[in-house]
Amino acid sequence: MALGGLGLLLLVNACTLLLFLEPAAAQGAAKYSREKNQALEDEAEAKRVIEFRIAKLNQVWEKAQRLQFSPVKLAELHSDLKIQEKDELNWKKLKADGLDEDGEKEARLRRNFNVILTKYRLDGRKDTEPMDTNYLKESMDSENDVFDDPKLEKLWNKATTSGKFSDDEVRKLRREFQHHQDKIQEYHILRETVSRNEDIYQNVISPSEAHVKEDLLHTKHAELKDKHRNVQASFERLRKLIHHGYDEDSDFSEPRVLELWDMAKRSNFTDDELDSIKEELKHFETKIEKHQHYQEQLDLSHQKLKHVETIGDKEHLSRNKEKYAMLTEKTKELGYKVKKHMQDLLARLSKGGLNHNEL
């Protein structure tokens, strides 16, 4: 009996000890799990590629990736954000030297950033809409091609139901319509900026400050009028294009180059200057065509990669991933060069001068 009692006592003590040890062990395991998860999160954060030196641009880039933009659309956005980054970093240097006292350059940067958000529908208004807008996959069905501007949408429906344009011409026309819609968005953003500045101007008390604000407002109104004329000229070109079709004898076929050439011909350039402009525009059109070729290759590579991922061949998958990565970087690089060149040509043509730069 004594031995039985001793055994029972030992059993009770052992159970009591287990009751104390189990919560401690569970707590230790939970702590280890938390530490492990934190370590994994830290490792993932360390591996995360920082694409841009400006936080808000990185936020836009990461949002686009979460929304699963098409590879071509991501590359286009990357080019726009790179240009915005370069402009903002240059502005910071100017501001440090006191060269933007009236805040005009800063206001222009904000407008450009808002244009990017609106263009890619990253302004929070249409996040629920499908974002795969790769022009290579777009349907030629007019019901699927919706433009925000009613006049533009009506003109587009007329173009796609006329039977006047081939599939290649419809794709080219679609890009030209999108380019025009971007101009409309830029105009609306600038108009809102001018309206806000007018409200600020009305609240100015100091006469010296009023003079500065009046000059700034006058500049913005002049810019607004220029933008409006540009939008009207662009729409008139589209209207004529829908009526007459593409000119087979034209020197150019790319919509952006055609627009620049029309702009040059409307200016007071000499014949020699126009010849020089035409030569540079030919080089620019070649650059655009090369970019479009890489866009096509990137899209095909993405489709092939998705197919290979279902097969499970590691070696084949690795090769396709390498090719896809190479095409992605090349498309980004060319996209940036094209947009920067376009920006430069527009600026120089609008000032009435076009110096030869090495392409």
Q) Quick one: does Leu67's side chain get under 4.5 Å of Leu122's, heavy atoms only? A) yes
The complete set of ring pair (Phe, Tyr, Trp, His ring centres under 6.0 Å) pairs with one or both residues in residues 81-103, sequence neighbours excluded, reads none
Value for CD1 (Ile184) from CG (Asn230), rounded to nearest 0.5 Å, stands at 11.0 Å
Could you go step by step and tell me if Lys332 and Glu329 meet the salt bridge (Lys or Arg N to Asp or Glu O under 4.0 Å) rule? CA-CA 5 Å; Lys332 286 179 185 178; Glu329 289 308 309; 3.5 Å; yes
By salt bridge (Lys or Arg N to Asp or Glu O under 4.0 Å), Glu88 pairs with (sequence neighbours left out) Lys56
Taken to the nearest 0.5 Å, the spacing of Ser234 OG from Asp182 CG works out to 10.0 Å
Rounding to 0.5 Å, atoms CD (Glu289) and CD (Glu254) come to a distance of 7.5 Å
How about Lys323: does its NZ atom have over 12 heavy atoms from other parts shown lying under 6.0 Å from it?
no
Tightest non-hydrogen contact, residues Phe284 and Val338, listed as CE1-O, 3.6 Å
| Is there a side-chain contact (heavy atoms from CB on, under 4.5 Å) between Leu152 and Leu238 once you walk through the steps? | CA-CA 9 Å; Leu152 198 60; Leu238 287 176; 3.8 Å; yes
- Message: Can you confirm whether Lys172 is buried at NZ, in the sense that more than 12 heavy atoms of other residues, nucleotides or ligands lie under 6.0 Å from that atom?
- Response: yes
- Query: Going through the checks in order, is the side-chain contact (heavy atoms from CB on, under 4.5 Å) test met by Glu280 and His341?
  - Reply: CA-CA 11 Å; Glu280 179 161 5; His341 197 170; 3.2 Å; yes
Are His291 and Tyr336 an aromatic pair, judged by ring center distance below 6.0 Å?
no
When rounded to the nearest 0.5 Å, the distance separating OG of Ser79 from NZ of Lys337 is 11.5 Å
**Item:** Transitive ILVMFWY side-chain link Tyr120 to Leu109, under 4.5 Å
**Value:** no
> Does the side chain of Asp299 come under 3.5 Å of the side chain of Gln295 through a donor N or O and an acceptor N or O?
Replying inline: no
Within a radius of less than 6.0 Å around CD of Glu315, do more than 12 heavy atoms belonging to other residues, nucleotides or ligands occur? no
*Side-chain touch Ser276/Phe269, heavy atoms, less than 4.5 angstrom*: no
Sorted by chain and number, sequence neighbours left out, ring-ring contact (aromatic ring centres under 6.0 Å, His included) with Phe235 holds for His180
Does Asp80 reach the side chain of Lys119, with side-chain heavy atoms less than 4.5 Å apart? yes
More than 12 heavy atoms of other groups within 6.0 Å of Asp271 CG = no
Residue set satisfying salt bridge (Lys or Arg N to Asp or Glu O under 4.0 Å) with Lys265, at least two apart, ordered chain then number -> Asp262
Tell me, with the steps shown, if Glu322 and Arg319 meet salt bridge (Lys or Arg N to Asp or Glu O under 4.0 Å). CA-CA 5 Å; Glu322 287 178 8; Arg319 286 201 304 271; over 6 Å; no
Query raised in the report: Is it the case that one hydrophobic cluster holds both Ile83 and Leu74, taking links as side-chain heavy atoms less than 4.5 Å apart, direct or via other members?
Result: no
Next item on the list: Salt-bridge test for Lys278 and Glu273: reply yes if a basic N is under 4.0 Å from a carboxylate O, no otherwise.
Entry: no
Sorted by chain and number, sequence neighbours left out, side-chain contact (heavy atoms from CB on, under 4.5 Å) with Arg191 holds for Tyr187, His188, Leu224
Determine whether Lys73 and Gln68 make a side-chain contact, defined as any pair of heavy atoms from C-beta on separated by less than 4.5 Å. no
The salt bridge (Lys or Arg N to Asp or Glu O under 4.0 Å) partner of Glu176 among Arg171, Arg256, Arg239, Arg237 is Arg237
So CH2 of Trp156 and CD of Gln181: to nearest 0.5 Å the spacing works out to 11.5 Å
| message | I'd like to know whether Arg174 forms a side-chain contact (heavy atoms from CB on, under 4.5 Å) with Glu169, so could you lay out the CA-CA distance, the side-chain angles of the two residues, the decisive distance to 0.1 Å, and finally the verdict. | response | CA-CA 8 Å; Arg174 179 68 171 82; Glu169 287 176 332; over 6 Å; no
Students should find that the hydrophobic cluster of Ile189, defined by side-chain heavy atoms under 4.5 Å apart, otherwise consists of Val115
Residues at least two apart in sequence or cross-chain that pass salt bridge (Lys or Arg N to Asp or Glu O under 4.0 Å) with Arg111, listed by chain then number, are Glu223
Hits for side-chain contact (heavy atoms from CB on, under 4.5 Å) against Asn320, two or more places apart or cross-chain, chain-then-number order -> Lys304, Leu305, Val308, His316
Angle class for the His78/Phe52 ring planes (parallel below 30°, perpendicular above 60°, tilted otherwise)?
-> tilted
Taken in chain and number order and not counting sequence neighbours, the residues that satisfy side chain to side chain donor-acceptor pair (under 3.5 Å) with Glu186 are Lys227
Item to complete: Compare all side-chain heavy atoms of Leu345 with those of Leu281 and state whether any distance is below 4.5 angstrom.
Response: yes
Those residues at least two apart in sequence (or on a different chain) that pass side-chain contact (heavy atoms from CB on, under 4.5 Å) with Met263 are Arg266, Leu346, Leu349, Ser350
* Take Asp251 and Lys282 through the salt bridge (Lys or Arg N to Asp or Glu O under 4.0 Å) test and state the conclusion after the steps. => CA-CA 8 Å; Asp251 293 295; Lys282 285 179 180 178; 5.5 Å; no
**Study point:** In one Ile/Leu/Val/Met/Phe/Trp/Tyr side-chain cluster, 4.5 Å: Val72, Leu300
**Key:** no
Shortest non-hydrogen pair, Phe165 vs Ile242, comes out as CZ-CA, 4.0 Å
*asked:* Check for me, please, whether Leu89 and Ile116 land in the same ILVMFWY cluster - side-chain distances under 4.5 Å, paths through other members count.
replied: yes
Of Lys339, Lys92, Lys340, Lys105, the one forming a salt bridge (Lys or Arg N to Asp or Glu O under 4.0 Å) with Asp87 is Lys340
Could you check whether the rings of Phe177 and Phe147 sit parallel, tilted or perpendicular, using 30° and 60° as the cut-offs?
tilted
Smallest heavy-atom separation, Ala264 atom then Leu274 atom, equals O-CD2, 3.8 Å
The reported gap from CG in Leu260 to CD in Glu285 (rounded to nearest 0.5 angstrom) is 10.5 Å
Taking the side chain as every heavy atom from C-beta outward, state whether Leu317 and Lys321 have any pair of such atoms under 4.5 Å apart. yes
Contacts of Lys154 meeting side-chain contact (heavy atoms from CB on, under 4.5 Å) (sequence neighbours excluded), chain-then-number -> none
Would a distance-only check, ignoring hydrogens and angles, find a side-chain to backbone donor-acceptor pair under 3.5 Å from Thr118 to Asn114?
-> yes
The side chain to side chain donor-acceptor pair (under 3.5 Å) partners of Lys95 (sequence neighbours excluded) come to none
Show your reasoning for whether side-chain contact (heavy atoms from CB on, under 4.5 Å) applies to Ile50 and Asn58. CA-CA 7 Å; Ile50 305 299; Asn58 268 314; 3.3 Å; yes
